[in-house]
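Structure first, then comments.
Quantities reported herein were computed from a predicted structural model and do not represent experimental measurements.
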Amino acid sequence: MKKTNIIATALAALVAMPIIAQAEDSKPQAGDILQDINMFNPEDGDPAYKVKANDKYGTQWGVDLAYGYWGARRATAGTTRNNNFALLHAQLNQRLMEDETNGGTWLRVEVSGSWALDSRSARSNEGGTYAEGFGAATCVHPDIMGPHDLFLPEVALMHYFAGKRACVIAGVVNLTNYFDAVGIANDTFSGFVNSGFVNSTILPLVDSNIGAVVQVELNSRNYVMAAVSRSGVEMGYNPFRGASDGYCVVGEYGHIFGEGSAVLRITPFFTMTDDDDDEGARHRRNAGLVGSVEYTTPDERATFYARAGFGAKQYLGSAAEASVGANVKLFSKREDDFLGISYGVFKGQTPYVGGEEEEEQGHRREQVLEVMYSFQVNDCFKIVPHFQYIHNPAYRASRDAQVMGVQGVLSF
């Protein structure tokens, strides 16, 4: 089964826009928080989120296309040092029934894909993606799902009620679109690309599985969410079929401080999985808690975040995590550009020990540092170079890895 945080985690930001409200004179309206989470609302001053909304027909959509080149030092055995990939992410919100008072009923569709652009990259991904070859808790780019993969992370109905203060989303759901939506750290097309910063490495935020999400806006500063989802169907397979009966339950409480300059999120979870390695496929359970806080300065020149969490057992790649990061606008005349820096520590319960060809005592902590810069060429195109330094990759104690890359991203 694929890592639950590997694929759709990177797609969250295009739907789950930051809940940080823009300073404005008008009083917050009922349903504003849920609208910011669920709908495609472009942010002020961020031309990367150019979406087309047709009020007459209730259509919202957005597409990101990217070319990415990555080069690595000390590449993991079985992978190549250089990789070329094309990446796609597209989303649609289509209103099915209009209801101005309550918000109506919508269809949500999400498409994601990755394709190797040379035979060497394609060969390196047979039996395990290049992205998964560097760490146990993290990978260098979670949108690289394989050399030629296209799938649907979400196809669901979304229904608002209670004066837009409540919403139910059911079908094939992508939980990363709703939970742990740290605004500056969950979009690999425009920000950090290491999966340790995209979403929590501990939360079981599955995609492409049958599930439902319930959201309630308590007031203009507080909301709660809860979801239950099947977790045993891998990407590209029929979510209505399969023998696995694994599932996850995720909740979240969010609080917006003051005028919206800071947001606190508390996200508990419980999950049950089948252990296919044990005879009889016995059930294994895990539970834990993840919290994050995000703060934007009054002049909106910088945004900071911190995330921490723990899991009772190591079934999702790490048992504890802590990360911090920031986006800073360095030049006043380039208000759409920003420098991003993030650092994280990810702890596993079982240290790595090499096989016959590499007998090496492992380390319990994997550390990641990422530096990136987003250069906005025009409203629809940006160039994003980045550098990653991974200490104790896959919990190895003596081999560090460095990854340098650049992405060209077309958004429309």
| Roughly how far, to the nearest 0.5 Å, is the CZ atom of R230 from the OH atom of Y247? | 13.5 Å
| field | 4.5 Å side-chain heavy-atom contact, I169 and N38 | value | yes
| task | For the residue pair V216 and L34, establish whether any side-chain heavy-atom pair is separated by less than 4.5 Å. | result | no
| request: Given side chain to side chain contact (heavy atoms under 4.5 Å, CB included), test L65 with F412 step by step and report yes or no. | output: CA-CA 9 Å; L65 297 170; F412 57 91; 3.9 Å; yes
| Rounded to the nearest 0.5 Å, what separation is found between the CG atom of D149 and the CD1 atom of I144? | 11.5 Å
| message | Check the orientation of W70 and H141. Use parallel for under 30°, tilted for 30 to 60°, and perpendicular for over 60°. | response | perpendicular
| message | Is it true that Q388 and N194 share a donor-acceptor pair across their side chains at a distance under 3.5 Å? | response | yes
| What is the distance from atom CH2 of W106 to atom CG of L92, rounded to the nearest 0.5 Å? | 9.5 Å
| Do P385 and M404 come within less than 4.5 Å of each other through their side chains, counting heavy atoms only? | no
| Over all atoms of both residues, closest heavy-atom pair of S200 and D180 | N-OD2, 2.8 Å
| Run the side chain to side chain contact (heavy atoms under 4.5 Å, CB included) check on L150 and V111 step by step: do they pass? | CA-CA 7 Å; L150 182 69; V111 180; 3.6 Å; yes
| said: So does M39 get a backbone contact from the side chain of Q60, meaning a donor-acceptor N/O pair under 3.5 Å? | reply: no
| remark: dist L289:CG -> T267:OG1 (nearest 0.5 Å) comes out at 7.5 Å
| note | Looking only at heavy atoms, the pair that brings I256 and S220 closest together is CD1-O, 4.3 Å
| query | Would you say V368 and F346 make side-chain contact, with heavy atoms under 4.5 Å? | reply | yes
| What are the two closest heavy atoms between V409 and F189, and how far apart are they? | CG2-O, 3.1 Å
| said: Using side-chain heavy atoms (C-beta onward) and a distance below 4.5 Å, is Y178 in contact with I37? | reply: yes
| said: For F257 and H255, take the angle between the two ring planes, folded into 0 to 90°, and tell me which bin it lands in: parallel under 30, tilted 30 to 60, perpendicular over 60. | reply: perpendicular
| request: Would you please test E294 and R265 for side chain to side chain contact (heavy atoms under 4.5 Å, CB included) and show each step? | output: CA-CA 9 Å; E294 186 175 6; R265 302 176 182 89; 3.3 Å; yes
| field | L152 side chain reached by S208 side chain, heavy atoms, under 4.5 Å | value | no
| task | Check the pair D207, E110 against side chain to side chain contact (heavy atoms under 4.5 Å, CB included), reporting the backbone distance first and the verdict last. | result | CA-CA 10 Å; D207 61 79; E110 185 174 30; over 6 Å; no
| query | Using a distance-only test with no angle check, is there a side-chain donor-acceptor pair under 3.5 angstrom linking S112 and H89? | reply | no
| query | Between K164 and E217, is there a salt bridge with N-O shorter than 4.0 Å? | reply | no
| said: Do L96 and L157 have side chains that approach each other closer than 4.5 Å (heavy atoms only, starting at C-beta)? | reply: yes
| task | With sequence neighbours left out, write down each residue that passes side-chain contact (heavy atoms from CB on, under 4.5 Å) with L339, or none if nothing qualifies. | result | L330, I341, V371, Y373
| request: Mark yes or no for whether R307, through its side chain, and G344, through its backbone, hold a donor-acceptor pair below 3.5 Å. | output: no
| Reported CD1-to-SG distance for the pair I33 and C167, which is rounded to 0.5 angstrom | 13.5 Å
| query | Going from CD on E154 to OG1 on T176, what distance comes out if it is rounded to the nearest 0.5 angstrom? | reply | 8.0 Å
| query | Does the side chain of D64 come under 3.5 Å of the side chain of S411 through a donor N or O and an acceptor N or O? | reply | yes
| query | Considering all heavy atoms of both residues, which atom of F85 and which atom of S114 are nearest to each other, and what is their separation? | reply | CD2-CB, 4.4 Å
| said: Whether the side chain of N102 engages the backbone of Y160 through a donor-acceptor N/O pair (distance < 3.5 Å, no angle test) should be reported. | reply: no
| task | Identify the heavy atoms of G251 and F179 that sit nearest to each other, and give their distance. | result | C-CE2, 3.9 Å
| task | Look at the side chain of S292 and the backbone N and O of A306, then say whether any donor-acceptor pair between them is shorter than 3.5 Å. | result | no
| query | Are a donor atom and an acceptor atom from the side chains of T303 and T296 found within less than 3.5 Å of each other? | reply | yes
| message | Using every non-hydrogen atom in the two residues, find where C248 and S231 come nearest and quote the distance to one decimal. | response | N-OG, 4.4 Å
| Looking only at side chains, do Y67 and N84 share a donor and an acceptor under 3.5 Å apart? | yes
| message | Are the side chains of F375 and R334 in contact, using a 4.5 Å heavy-atom criterion? | response | yes
| message | Please check: side-chain N/O of N222 versus main-chain N/O of N219, any donor-acceptor pairing under 3.5 Å? | response | no
| message | Donor-acceptor check, side chain of Q407 to backbone of T188, threshold 3.5 angstrom: yes or no? | response | yes
